[in-house]
Amino acid sequence: MKWIIRVLVIGLIVFLVLSVFTKPVILYLAKEKIQDVFIDSKVSIGGCSLKPIGQLTFSDIDIEHKPTYNFRIKEFRIYYNLRSLFKGEIHGE
């Protein structure tokens with residue numbers, strides 16, 4: 001009985017740690033990838049939400065390179081499943 005409680009407590013701790021650190025890591029990686037495409041641009045991402053079942057949503061994306069362009073994207077969604085991740089097929093809208 002004690003080992004079940006230990007496993008549950010350890011699982012809860014791992015879940016809490018991952019939920020705290022996952023969002024900043026995803027935002028950092030997304031910003032870096034956008035800056036790889038839009039070189040010398042100022043990029044900001046307002047928010048990120050992750051649904052483990054298959055959706056990653058970024059909101060309030062600004063890509064700016066004065067005076068050439070200023071893109072504003074209200075929301076960008078990425079849909080995935082385990083099979084698509086292994087194949088490298090990810091769809092966005």
Side-chain angles (χ1 to χ4, degrees):
M1 183 69 167
K2 286 184 179 182
W3 68 273
I4 293 174
I5 294 172
R6 286 184 188 154
V7 169
L8 289 174
V9 169
I10 290 172
L12 180 62
I13 291 170
V14 168
F15 175 76
L16 291 174
V17 168
L18 287 177
S19 65
V20 169
F21 291 111
T22 301
K23 188 184 264 186
V25 170
I26 290 173
L27 283 171
Y28 172 79
L29 292 174
K31 186 175 176 180
E32 289 296 312
K33 291 299 180 183
I34 293 172
Q35 285 179 327
D36 287 347
V37 174
F38 295 96
I39 299 170
D40 296 331
S41 296
K42 179 183 172 189
V43 176
S44 66
I45 302 174
C48 168
S49 66
L50 175 66
K51 294 182 182 176
I53 298 177
Q55 181 179 326
L56 177 62
T57 304
F58 296 99
S59 59
D60 301 322
I61 303 169
D62 290 327
I63 306 167
E64 182 178 358
H65 188 275
K66 289 187 178 179
T68 312
Y69 53 81
N70 186 13
F71 299 120
R72 294 183 188 265
I73 302 167
K74 183 177 179 180
E75 187 174 84
F76 183 78
R77 294 181 189 156
I78 299 173
Y79 298 100
Y80 64 89
N81 59 37
L82 288 178
R83 192 172 125 212
S84 68
L85 289 176
F86 287 122
K87 287 183 159 186
E89 299 171 351
I90 299 174
H91 305 284
E93 72 175 39

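Here, residue 1 is the first one in the sequence, and each next residue gets the next number. The figures that follow rest on heavy atoms only: side chains count, while hydrogens, waters and symmetry mates do not.
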Kindly work out whether a path of hydrophobic side-chain contacts (I/L/V/M/F/W/Y, heavy atoms less than 4.5 Å apart) joins [X] to [Y].
| X | Y | answer |
| --- | --- | --- |
| Ile63 | Val37 | yes |
| Phe38 | Ile78 | yes |
| Tyr69 | Ile61 | yes |
| Val25 | Leu50 | no |
| Ile73 | Ile26 | yes |

Rounded to the nearest 0.5 Å, the SG atom of Cys48 sits from the CG atom of Asp60 at a distance of 12.0 Å
Interatomic distance, CG@Leu27 vs CZ@Phe58, rounded to 0.5 Å, equals 6.5 Å
Is a side-chain donor or acceptor of Lys31 paired with a backbone partner of Ile45 at a separation under 3.5 angstrom?
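Answer holds: no.
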Does a side-chain heavy-atom distance below 4.5 Å link Gln55 with Arg77?
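Contact flag for Gln55/Arg77 side chains = yes.
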Restricting to pairs with a member in residues 61-74, which pass salt bridge (charged side-chain N to carboxylate O under 4.0 Å, His left out), not counting sequence neighbours?
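Those involving residues 61-74 are Asp62-Arg72, Glu64-Lys66.
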Does atom CG of Asp36 have more than 12 heavy-atom neighbours from other groups under 6.0 Å away?
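Yes, CG of Asp36 has more than 12 neighbouring heavy atoms, counting only those of other groups under 6.0 Å.
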Tyr28 OH: over 12 foreign heavy atoms closer than 6.0 Å:
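Not more than 12 within 6.0 Å, no.
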Which heavy atom in Val43 sits nearest to a heavy atom in Gln35, and how many Å separate them?
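Reported closest heavy-atom pair: CG2-CG, 3.4 Å.
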